[in-house]
Participant: 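I'd like to ask you about the structure that follows.
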Number of protein chains: 2
Amino acid sequence: MVGEEPRAMRRRPTQDRSRATVERILDAGRSVLLERGFEGASTNRIAAAAGVGPGSLYQYFPDKEAILDRVVERAVDDLEARITRAFLGSLRAGDDAVRGHLEALLDALVAEADLVRVLSQDRPRTVGRRRVGFARRIDALVAGALLAEHPDAGDVPVDAVAWMLVRTVEHVTISWVLEAPDVGREAMLDELTALVGGYLRRRWG
Amino acid sequence: MVGEEPRAMRRRPTQDRSRATVERILDAGRSVLLERGFEGASTNRIAAAAGVGPGSLYQYFPDKEAILDRVVERAVDDLEARITRAFLGSLRAGDDAVRGHLEALLDALVAEADLVRVLSQDRPRTVGRRRVGFARRIDALVAGALLAEHPDAGDVPVDAVAWMLVRTVEHVTISWVLEAPDVGREAMLDELTALVGGYLRRRWG
DNA sequence: CGCTGACACGAGTCCTCGGTCGTGTTCAAC
DNA sequence: GTTGAACACGACCGAGGACTCGTGTCAGCG
């Protein structure tokens with residue numbers, strides 16, 4: 001259950017040339033991942049896409065997993081930053097606050113729909129671990145926001161509330177992006193706002 | 001976006017012996033899948049687990065995907081039956097109804113936790129397709145139940161409500177089963193009941 | 001029994017994959 | 001310019017995968 005250390009680089013790139021190589025490998029890894037999923041992200045394919053010999057991958061990474069791990073780490077970090085920014089940047093009051101958060105989050109997911117698709121559909125162990133870390137940080141963020149807005153926590157189990165809200169919002173929005181269901185964007189946002197807003201109001205009067 | 005026909009069997013088993021072989025193959029496929037995930041579910045492994053030559057698989061199935069497709073289909077059908085039964089079998093009134101449904105669903109998921117884990121974590125295309133069909137049928141079931149209980153639909157977008165509720169409940173319960181978070185079963189059920197119950201009451205007075 | 005098609009077997013084929021290593025090239029320090 | 005380390009290359013290796021096919025066994029029918 002504990003996350004292992006990310007495997008260190010085999011050799012630390014010191015010259016400009018090699019730093020550029022590592023960069024090309026990671027960029028290529030990202031494109032290949034987005035285009036063909038984890039299934040199709042073979043080392044040879046990544047090397048070819050990077051315009052690099054297969055052996056060059058192993059100058060800097062100990063194995064394939066380390067490459068994809070780094071690629072996913074970068075992508076998830078970007079996505080997390082985007083979401084955190086959206087979340088913090090949409091602070092209004094009451095129902096408006098909820099809807100603002102949701103709109104911002106949805107925009108972030110739509111903007112990275114390909115990444116969301118790959119990360120949600122294929123899912124090797126490495127992604128699982130990243131997702132857990134990601135989710136835990138968002139849990140904490142939301143719990144903090146709840147406490148800030150309602151310091152009179154009383155008997156409300158804030159952590160449980162935050163945990164549940166995060167799963168709810170995460171999956172409803174992601175499902176909407178991936179499934180493209182017969183539910184319009186506004187209708188979905190209306191209902192989700194009602195769901196979350198009603199719940200919060202109920203818990204805190 | 002359209003589901004393909006499930007590949008037909010290569011030869012239809014006519015004797016008892018061969019029907020038993022097919023059965024052993026599917027059972028073995030299920031065990032291997034649950035124990036080693038999609039990654040480790042190789043044809044050789046399934047054949048070995050079934051006590052059957054690798055070639056015998058291809059007497060009845062055109063390729064590996066067809067085998068796993070059938071295995072997943074069976075498992076999902078079982079799970080769906082379990083959930084549908086739980087859902088229909090827990091009809092009470094008001095908040096009690098909501099909580100009853102949730103408890104029943106949670107029990108069904110816990111009972112099949114291994115399957116839920118495999119189906120949620122690895123996810124080749126074949127599972128994706130099955131999941132969509134599954135989810136759509138549950139959507140319809142819930143929408144029907146909502147309409148039955150509140151024939152005065154008024155301006156409530158019942159389909160959108162059902163769609164959202166299904167995603168919400170699905171993911172919160174599955175996450176709880178898989179993550180084993182710091183949230184007790186009762187606390188989770190309390191909060192989820194409050195979330196769903198409050199929302200329904202708000203939408204229908 | 002004898003015959004025929006259904007069935008089972010498993011060594012073997014071909015392929016792709018992750019990863020190595022010997023060789024050649026470029027860079028930087030002197 | 002020379003030298004040695006950093007870097008890049010890509011043919012190659014062993015493992016394991018899906019799937020085939022020649023051979024042999026078994027069940028049912030005349």
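Lettering of chains follows the sequences in order, A, B, ..., and the numbering in each one begins at 1. These numbers come from a predicted model, not from an experiment.
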Participant: Kindly write out the residues that satisfy side-chain hydrogen bond (donor to acceptor under 3.5 Å, both in side chains) with B:D159, not counting sequence neighbours, or none if the list is empty.
Facilitator: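 None.
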Participant: Taking the side chain of B:Y60 as its heavy atoms from C-beta onward, which of C:dT20, C:dA8, C:dA6 lies nearest to it?
Facilitator: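 The answer is C:dA8.
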Participant: May I ask you to list the residues of residues 42-52 of chain A, by number, that have any heavy atom positioned under 4.0 Å from an atom of DNA chain D?
Facilitator: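 Close to the strand are A:G51, A:V52.
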Participant: In whole angstrom, what separates A:D63's CG from C:dC17's P?
Facilitator: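 Roughly 17 Å, once rounded to whole Å.
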Participant: Think B:T14 has a side-chain N or O under 4.0 angstrom from the OP1 or OP2 of C:dC7?
Facilitator: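 So the side-chain polar atoms of B:T14 do come within 4.0 Å of the phosphate oxygens OP1 or OP2 of C:dC7, strictly under.
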Participant: Taking C-beta and beyond as the side chain, do B:L192 and B:L106 meet within less than 4.5 Å on heavy atoms?
Facilitator: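 Counting from C-beta outward, B:L192 and B:L106 never come under 4.5 Å.
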Participant: Sequence neighbours left out, what passes side-chain hydrogen bond (donor to acceptor under 3.5 Å, both in side chains) with B:R137? Give chain and number order.
Facilitator: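 side-chain hydrogen bond (donor to acceptor under 3.5 Å, both in side chains) check on B:R137 returns B:E80.
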Participant: Kindly say if B:S18 contacts the phosphate of C:dA6, meaning a side-chain N or O under 4.0 Å from OP1 or OP2.
Facilitator: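 No, because none of the side-chain N or O atoms of B:S18 sits under 4.0 Å from OP1 or OP2 of C:dA6.
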Participant: Sort and list the pairs that fulfil salt bridge (Lys or Arg N to Asp or Glu O under 4.0 Å) and have at least one residue in residues 162-174 of chain B, not counting sequence neighbours.
Facilitator: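 Residue pairs passing salt bridge (Lys or Arg N to Asp or Glu O under 4.0 Å), neighbours aside: A:E179-B:R167, B:R131-B:E170, B:D139-B:R167.
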Participant: Answer yes or no: is there a donor N or O on one side and an acceptor on the other, between the side chain of A:R70 and the main chain of A:L26, under 3.5 Å?
Facilitator: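 No, the answer is negative, given that no donor and acceptor are paired below the 3.5 Å cut-off.
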Participant: Whole angstrom is fine here: how far is it from CZ in A:F61 over to P in C:dG19?
Facilitator: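 Roughly 13 Å, once rounded to whole Å.
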Participant: Atom CG of A:L57 to atom P of C:dG18: distance rounded to whole Å?
Facilitator: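 Whole-Å distance recorded here is 10 Å.
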Participant: Going by the rule salt bridge (charged side-chain N to carboxylate O under 4.0 Å, His left out), which residues pair with B:R117 if we only count those two or more places apart in sequence or in a different chain?
Facilitator: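 Testing B:R117 for salt bridge (charged side-chain N to carboxylate O under 4.0 Å, His left out), a comparison that skips the adjacent residues, returns none.
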Participant: Kindly write out the residues that satisfy salt bridge (charged side-chain N to carboxylate O under 4.0 Å, His left out) with A:R30, not counting sequence neighbours, or none if the list is empty.
Facilitator: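 For A:R30 the salt bridge (charged side-chain N to carboxylate O under 4.0 Å, His left out) partners, ignoring immediate neighbours, are A:E112.
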Participant: Check the distance between C:dG12's P and B:Y58's OH and give it to me in whole angstrom.
Facilitator: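 Going from B:Y58 (OH) to C:dG12 (P), I get 19 Å.
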Participant: Can you sort out the partners of B:E35 under salt bridge (charged side-chain N to carboxylate O under 4.0 Å, His left out), two or more places apart, ordered by chain and number?
Facilitator: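 B:E35 satisfies salt bridge (charged side-chain N to carboxylate O under 4.0 Å, His left out) with no residue once adjacent residues are dropped.
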Participant: Which nucleotide of DNA chain D is the first, and which the last, in the 5' to 3' direction, to come under 4.0 Å of a heavy atom belonging to chain B?
Facilitator: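 Answer, 5' to 3': D:dG17 to D:dA27.
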Participant: Return no unless some side-chain N or O of A:R10 is found under 4.0 Å from OP1 or OP2 of C:dT20.
Facilitator: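 Yes, A:R10 has a side-chain N/O under 4.0 Å of OP1/OP2 on C:dT20.
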Participant: Check every strand shown and say whether A:Q59 touches a base, only sugar-phosphate, or nothing at a heavy-atom separation below 4.0 Å.
Facilitator: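 Base contact.
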Participant: With DNA chain D as reference, determine whether B:D16 or B:P54 sits nearer its 5' end, using the nearest nucleotide of each.
Facilitator: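 Comparing both residues, the 5'-ward one is B:P54.
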Participant: With sequence neighbours left out, write down each residue that passes side-chain hydrogen bond (donor to acceptor under 3.5 Å, both in side chains) with A:Q121, or none if nothing qualifies.
Facilitator: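 Testing A:Q121 for side-chain hydrogen bond (donor to acceptor under 3.5 Å, both in side chains), a comparison that skips the adjacent residues, returns none.
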Participant: Both B:A41 and A:R19 contact DNA chain D. Which one's nearest nucleotide lies toward the 5' end?
Facilitator: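 Here A:R19 is the residue nearer the 5' end.
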Participant: Decide yes or no for A:R12 and A:R19: does some side-chain heavy atom of the first lie under 4.5 Å from some side-chain heavy atom of the second?
Facilitator: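 Sidechains of A:R19 and A:R12: no contact.
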Participant: Listed by chain and number, what are the side-chain hydrogen bond (donor to acceptor under 3.5 Å, both in side chains) partners of A:R85, not counting sequence neighbours?
Facilitator: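 A:R85 satisfies side-chain hydrogen bond (donor to acceptor under 3.5 Å, both in side chains) with no residue once adjacent residues are dropped.
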Participant: For residues 27-40 of chain B, which residues have at least one heavy atom under 4.0 Å from DNA chain C?
Facilitator: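 None - not one residue of the stretch has a heavy atom sitting under 4.0 Å from the strand.
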Participant: Rounded to the nearest angstrom, tell me the gap between atom CZ in B:R11 and atom P in C:dA6.
Facilitator: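 Interatomic distance, CZ of B:R11 to P of C:dA6: 6 Å.
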Participant: Show every salt bridge (Lys or Arg N to Asp or Glu O under 4.0 Å) that has at least one partner inside residues 187-200 of chain A, sequence neighbours left out.
Facilitator: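 Output for this query lists A:R99-A:D190, A:E191-B:R203.
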